[in-house]
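All ligand and atom numbering here is 1-based and tracks the order in the structure. Keep in mind the model is a prediction, meaning the values are calculated, not measured. Note that the numbering runs from 1 along the sequence shown for the chain.
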Amino acid sequence: MSIRAILCTLLAVSVAWSHPNLKSRGGPQVYGACIKPNDIALTFDDGPYNYIRNISDQFTAVGAKATFFMNGNNWDCIYAPDRIESVKYVYSKGHMIGSHTWSHPDLRTFTTPQIQDEMFRMEEAFSRIVGVLPAFMRPPSGYYNDNVKNIAFSRGQNLALWDHDTGDADGNTTAQSEAVYNAVVDSKAKNALILQHETKASTAGTLVPYALKLFKSKGYNVRFSFPNPVPTVLNNFFIKLVTMAECLGVDPYQAVGVAQQQTSSWTCNGTPAPGEGCDSSIPCKTGKPDFIPALEHSGHVNITAE
Ligand SMILES: *[C@@H]1O[C@H](CO)[C@@H](O)[C@H](O)[C@H]1NC(C)=O
Ligand SMILES: *[C@@H]1O[C@H](CO)[C@@H](O)[C@H](O)[C@H]1NC(C)=O
Ligand SMILES: CC(=O)N[C@H]1CO[C@H](CO)[C@@H](O)[C@@H]1O
Ligand SMILES: [Zn+2]
């Protein structure tokens with residue numbers, strides 16, 4: 001087979017892969033691994049916090065995409081001005097954002113209204129800040145039960161687990177965490193869905209540079225040399241660091257609309273504290289948050305302008 005023939009074949013398969021048909025998989029699911037071969041998805045939990053833009057920039061610099069599973073009120077409040085800007089920033093760079101619940105509780109211990117509330121408040125935050133409804137929810141520590149799963153599904157959200165844990169938030173040294181990446185490469189894993197934490201300085205400063213260099217240097221199944229940057233149509237084959245949604249071939253968001261105007265109700269005051277849930281003093285929110293679809297935007301603008 002000539003190189004030209006091989007390229008044509010690759011292009012044909014690539015077009016098939018990017019076909020929208022891939023997106024309908026029959027409703028939300030529990031995902032604990034990537035599906036597409038050669039894809040590696042690095043996912044960063046617990047922000048938005050201090051290292052999110054640094055990690056975002058490192059991925060952007062090598063043409064890779066990261067995934068951030070965010071909390072509303074954990075290490076900081078998502079409505080703090082700098083955090084709002086960080087969420088907008090990583091979203092604008094094409095990295096994926098997903099829900100990691102409002103307050104990072106063990107959802108298995110929560111009542112149905114409390115679980116609804118944890119998901120509602122993240123949908124509301126993303127809808128307000130960037131205008132998207134998340135399609136992925138990573139339960140804190142990966143803890144869920146049937147009730148958590150059913151509520152997530154009813155809200156249009158997949159459960160997002162992982163198949164490799166760097167242990168960066170569980171006391172692993174950077175060397176131990178690096179060994180997790182090495183193991184992925186050494187085992188010639190078909191793909192990998194890896195857990196890190198955005199809140200760790202050593203993750204931003206050491207692990208991310210290590211992982212990007214390692215996976216890039218291994219080429220991860222690269223068989224030919226292509227110009228740098230690789231043509232977009234070939235990215236499916238040769239750029240292996242993708243978002244979690246991309247490694248599954250599904251949409252990252254239920255809906256993409258328009259960011260909202262900030263108001264004084266964008267606050268963590270009167271919301272569940274880290275690890276806690278709504279209760280007698282904090283009403284549980286269980287409906288659907290306000291969302292501005294893209295098409296309504298111009299009407300919206302015209303009305304407010306007059
Ligand atoms: C910590 O590192 C070890 C060795 O690299 C690895 O096997 C383990 O999965 C990592 N994660 C945790 C949570 O310990
Ligand atoms: C990220 O942070 C590390 C450690 O502070 C620093 O060495 C590196 O230059 C930063 N990278 C970017 C892209 O900001
Ligand atoms: C009726 C009207 O004024 N429509 C305008 C609404 O705003 C958009 C731009 O945001 C204009 O293109 C429309 O003409
Ligand atoms: Zn977490």
Side-chain angles (χ1 to χ4, degrees), residues 32-33 42-76 78 82-83 85-86 89-90 93 95 97-110 115 118-119 121-122 125 134 136-144 148 152 159-187 189 192-214 216 241 244 272-277:
L42 274 72
T43 62
F44 297 86
D45 290 8
D46 293 4
Y49 195 57
N50 293 347
Y51 307 103
I52 189 165
R53 284 190 239 193
N54 178 298
I55 293 170
S56 168
D57 287 347
Q58 292 188 60
F59 275 74
T60 302
V62 297
K65 293 284 187 282
T67 302
F68 298 95
F69 287 108
M70 299 184 189
N71 297 121
N73 198 18
N74 189 13
W75 286 66
D76 196 1
I78 196 168
D82 184 49
R83 307 308 178 200
E85 288 313 309
S86 290
Y89 184 84
V90 299
K93 301 293 178 187
H95 303 299
I97 60 178
S99 169
H100 193 37
T101 72
W102 180 258
S103 66
H104 205 275
D106 179 346
L107 289 173
R108 299 171 304 180
T109 68
F110 271 27
I115 297 166
E118 287 289 323
M119 297 184 197
R121 289 180 193 274
M122 287 315 295
F136 285 79
M137 200 285 292
R138 173 165 283 167
S141 309
Y143 295 151
Y144 69 98
V148 171
L159 290 193
L161 304 176
W162 57 86
D163 58 12
H164 295 81
D165 182 0
T166 58
D168 63 340
D170 297 323
N172 264 9
T173 63
T174 52
Q176 287 173 313
S177 295
E178 287 168 5
V180 174
Y181 301 128
N182 292 340
V184 169
V185 170
D186 293 344
S187 69
L193 177 50
I194 310 178
L195 172 64
Q196 293 84 192
H197 292 79
E198 181 251 292
T199 50
K200 300 299 241 189
S202 55
T203 295
T206 307
L207 291 190
V208 170
Y210 184 89
L212 293 178
K213 192 160 169 248
L214 175 74
K216 287 284 174 182
L241 295 163
M244 179 165 179
E276 297 183 9

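Annotation for ligand 1: atoms under 4.0 Å from non-hydrogen atoms of Asp165 are 9 (O), 10 (C), 11 (N), 13 (C). Within the listing of ligand 1, atoms 13 (C) sit less than 4.0 angstrom from a heavy atom of Asp170. When each atom of ligand 1 is checked for a heavy atom of Gly167 under 4.0 Å away, the hits are 11 (N), 12 (C), 13 (C). Residue-ligand proximity, Ala179 to ligand 1, at heavy-atom distances under 4.0 Å covers atoms 5 (O).
Between Phe69 and His100, the ring planes are tilted. Angles from 30° to 60° get that label.
Take Phe136 and apply the ring-ring contact (aromatic ring centres under 6.0 Å, His included) test, not counting sequence neighbours, and it matches no residue.
Aromatic ring centroids of Phe59 and Phe44 lie under 6.0 Å apart.
Asn54 approaches Gln58 most closely through the heavy-atom pair OD1-NE2, 2.6 Å. Ala160 and Pro139 make their closest contact through O-CD, 4.0 Å (heavy atoms, listed as atom of the first residue, atom of the second, distance). Closest approach of Phe110 and Pro105 over heavy atoms only: CZ-CB, 3.3 Å. For Asp163 against Ala33, the heavy-atom pair with the smallest separation is OD2-CB, 3.5 Å.
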**OP:** Please lay out, stage by stage, how Leu107 and Met137 fare under the test side chain to side chain contact (heavy atoms under 4.5 Å, CB included).
**Re:** CA-CA 12 Å; Leu107 289 173; Met137 200 285 292; 3.9 Å; yes

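If you take CZ on Arg138 and OG1 on Thr101, they are separated by 12.0 Å, rounding to the nearest 0.5 Å.
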List, for ligand 2, each N/O atom that has a protein N/O partner under 3.5 Å away, with both atom names and the distance.
unit_1: ligand 2; atom_1: 2 (O); unit_2: Asn54; atom_2: ND2; d: 2.2
unit_1: ligand 2; atom_1: 11 (N); unit_2: Asn54; atom_2: ND2; d: 3.1
unit_1: ligand 2; atom_1: 14 (O); unit_2: Asn54; atom_2: ND2; d: 3.3

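Within the 4.5 Å cutoff, side-chain heavy atoms of Glu118 are placed close to those of Pro272.
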Return a table of donor-acceptor pairs under 3.5 angstrom between the side chains of residues 205-212 and protein atoms on other chains or two or more places apart.
unit_1: Tyr210; atom_1: OH; unit_2: Asn182; atom_2: OD1; d: 2.7
unit_1: Tyr210; atom_1: OH; unit_2: Asn182; atom_2: ND2; d: 3.2

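For the Zn ion (ligand 4), protein N/O/S neighbours under 2.8 Å (waters excluded) are Asp46 OD1, His100 NE2, His104 NE2.
The pair Arg83-Asp76 meets the salt-bridge criterion, with a side-chain N (NZ, NE, NH1 or NH2) lying under 4.0 Å from an Asp/Glu carboxylate O.
Where the criterion is an N or O separation shorter than 3.5 Å, residue side chain and backbone included, Ser177 fails it with respect to ligand 1.
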